[in-house]
Protein chains: 2
Amino acid sequence: MTRNDQKRVTIVDIAREAGVSIKTVSRVLNREEGASAEVRSRVETVIEKMGYRPNASARSLSSRRSYLIGVIFQRLGGYHYVGEVQTGALRATRRGGYQLVVEQVETPDGVFDAEAVTAILRNTTFDGLVLTPPLCDDPRILEAVEAADLAYVRMAPNADLDRAPYVWMDDEGAAREQTLSLWEMGHRRIAFVAGPEDHRAAIQRRQGYLRAMAERGVAVPDAWIASGDFFGMSGFKAGDALLSLPEPPTAIFAGNDEMAIGVLAAAAKHGVPVPDRLSVVGFDNAPNGASAWPPLTTVHQPIAEMAEAAVDLLIKRFGDARFREQEHSRKLDYRLVVRDSVSPV
Amino acid sequence: MTRNDQKRVTIVDIAREAGVSIKTVSRVLNREEGASAEVRSRVETVIEKMGYRPNASARSLSSRRSYLIGVIFQRLGGYHYVGEVQTGALRATRRGGYQLVVEQVETPDGVFDAEAVTAILRNTTFDGLVLTPPLCDDPRILEAVEAADLAYVRMAPNADLDRAPYVWMDDEGAAREQTLSLWEMGHRRIAFVAGPEDHRAAIQRRQGYLRAMAERGVAVPDAWIASGDFFGMSGFKAGDALLSLPEPPTAIFAGNDEMAIGVLAAAAKHGVPVPDRLSVVGFDNAPNGASAWPPLTTVHQPIAEMAEAAVDLLIKRFGDARFREQEHSRKLDYRLVVRDSVSPV
DNA sequence: CTGAAAGCGCTTACAG
DNA sequence: CTGAAAGCGCTTACAG
């Protein structure tokens, strides 16, 4: 662990060694037009030979770009979502020559920290920001970001869609499709475990379930819809209640994988084998679901792809105004993931 | 989503408005000594009034610091570890005025990407790097980082401990303590599900278990130690095998929470109620374990605190050489987490 | 306690 | 196709 204090190689050194001006070196570095193939290759050789690495700060200062894109989370911890977003975002930032900076707005005790947002925006110089849910619908955040005059893209926003570019997937359509696939296996008594009422994805998934059932002419009794909060314990309680019904369902569709895992535990408690006597499906394709027993049938939510698209939308806005694409939103595809927690009736 | 093209307020504007030199403004900004209280407050007022935000690139260029700290992961996705590391690291970077940049070295298909490492180090200007396991023991990574002459700190390294500063926790001691706590509840037939043989934490945890049993005078039969790979399915198989023994254990200690959850599933399969007829404990304090049923007794691994300490060690090295602390390692404390998956015999 | 000058290493805007 | 000059907005090193 040392710091090298010997002088760094700069663009001037390269220019001198290659017998050209620094402007020409700059052209080669940035793949600009206007350098003959001969000069270009000579400069590249010298760069390679001297191990030259451009100074990012100098580049930023003169170009007025930080080459930093921030992604802000409510909470970084304990969440598969976070890693997926970063994986996707990183693919896009690398392609574009940007670096990915992470931030979160919650205090350690889980309180929303309005000052943190202001501080983040005050002390930093992002070229753009990716806002994840539920932050992307928080008016305090949006106002702070807009006051700082920062470009931003939202992931799966709930409302006010014209306000800024966004990426999304069709939760309702996916839930409908998942429900229909249970129907096609012969299931008729299909129950649903809903997520929190104020959560966009939860609402949409519930609507998709209801729509599918309505399309098949089924009036869903209230008892078939249990309410949950996206956490495992609520799925357990919901499953427990549903399996205690006089005529229990043959299939339970939980609004996310965590709750579906809770349903599996409830089935174990009731001595109901899955999938032989009960089919269970989830939503999200969380790693927990894949390692559950039996492995959970679910819907793949393309989180990484959504984040990648979000960064792409952002970067495109930084380009030359004449060619700047004004793509306002991008929709990503879901995919049903069939594992071992379902079987035909 | 707009970009403001009006001229930014700079240090020159503040200096003019406050009637001082830019050097004095700089002193106030950086809380340097040598500015009277009167001047200081006058400058601060002007800064506030004009909404001045220092340009980070300019600061970096002249101070030869990027104020960027990188944290490199093998894989960003699907892992509770990643979020915890970032949460802790972010606490420390914020305190020190740094930003946290994330990177991963695996390609999307899970292949180690040696070129990615070189590219990361080539295109970026970190002041320092946090290396997470198992990267922190990968000679290719270490060589690349050292060749780039970058300061770095390792989290829970396996070997070659003198090579660079590091943070760690006592996995062996924790596993010993967890085993002894089962013993004190009256358990005598305590089985262990081991993690992968090439994984430092897995080895240490197994040794802690064996040490505790040896201290109590028990020669552990081979059949009591099942081998796993830290994934849930291996825990399920291990539990299945252990519960099929002629004299099954009354307690199973799994080397991590994922495998412990698999053991719970095996217990359900065997119709063995947990904790009434079988106690199950894990290790890590992963969120999965908390939402398992029954909620899992485990050992809290202070991942966030380790990451925070790692960044602290790094930042201290950047300070004035005269006061630079040469703290080489820091040990963090574990903590037993008692939930509902254990009961006395 | 305060400031004038130089310089960090690039890109931009312009000229030829 | 190529380059000389100016400038980005700070900090450093030095002087008083």
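Just so you know, these numbers use all the heavy atoms, side chains as well, and skip hydrogens, waters and symmetry mates. Treat the numbers as computed from the prediction; the structure is a model and nothing was measured.
To the nearest angstrom, C1' of C:dG9 lies 8 Å from CD1 of A:I22. The distance from atom CG of B:D13 to atom C1' of D:dC8 is 13 Å, rounded to the nearest whole Å. Distance CG (A:N30) to P (C:dG9): 17 Å, rounded to an integer number of Å. One interatomic measurement links the two molecules: CZ of B:R59 to P of D:dT11, which rounds to 7 Å at whole-angstrom precision. When rounded to the nearest whole Å, the span between OH of A:Y52 and P of C:dG9 equals 9 Å. Distance CG (B:N55) to C1' (C:dC8): 13 Å, rounded to an integer number of Å. Between the CD atom of B:E33 and the C1' atom of D:dT11 there is a distance of 17 Å, given to the nearest Å. One can place CZ of B:R65 at 12 Å from P of D:dT11, the figure rounded to the nearest angstrom.
Residue-to-nucleotide contacts include no donor-acceptor pair under 3.5 Å from the side chain of A:R53 to the base of C:dG9. Looking at A:R64, its side chain has no donor and acceptor atom pair within 3.5 Å of the base of D:dG7.
Across the interface with DNA chain C, nearest-nucleotide mapping of B:V39 and A:S26 shows B:V39 to be the residue nearer the 5′ end. Two residues, A:A58 and A:R27, neighbour DNA chain C, and the one matched to the more 5' nucleotide by heavy-atom proximity is A:A58.
Taking only side-chain nitrogens and oxygens, A:S21 never comes nearer than 4.0 Å to OP1 or OP2 of D:dT2.
Nearest to the side chain of A:S63, among C:dT11, D:dG3, D:dG9, sits C:dT11. Taking only side-chain atoms of B:S36, from C-beta outward, the nucleotide of C:dT12, C:dC1, D:dT11 with the closest atom is C:dC1. Here D:dG3 is the nucleotide among C:dC10, C:dG3, D:dG3 with the atom lying nearest to any side-chain atom of A:K23. Set against D:dC8, C:dT11, C:dG7, the side chain of B:S62 has C:dG7 as its closest nucleotide.
Partner assigned to C:dA15 is D:dT2, using Watson-Crick or G-U wobble distances below 3.5 angstrom.
Between A:Y98 and A:Y67, the ring planes are tilted. Angles from 30° to 60° get that label.
Using a 4.5 Å cut-off on side-chain heavy atoms (C-beta onward), B:P302 and B:M169 make contact. With a 4.5 Å cut-off on side-chain heavy atoms, A:Y81 and A:Q74 do not count as touching. At a threshold of 4.5 Å between non-hydrogen side-chain atoms, the residues B:R330 and B:D312 count as touching. At a threshold of 4.5 Å between non-hydrogen side-chain atoms, the residues A:M50 and A:I14 count as touching.
Among the atoms of the strands shown, none is found under 4.0 Å from any heavy atom of A:V12.
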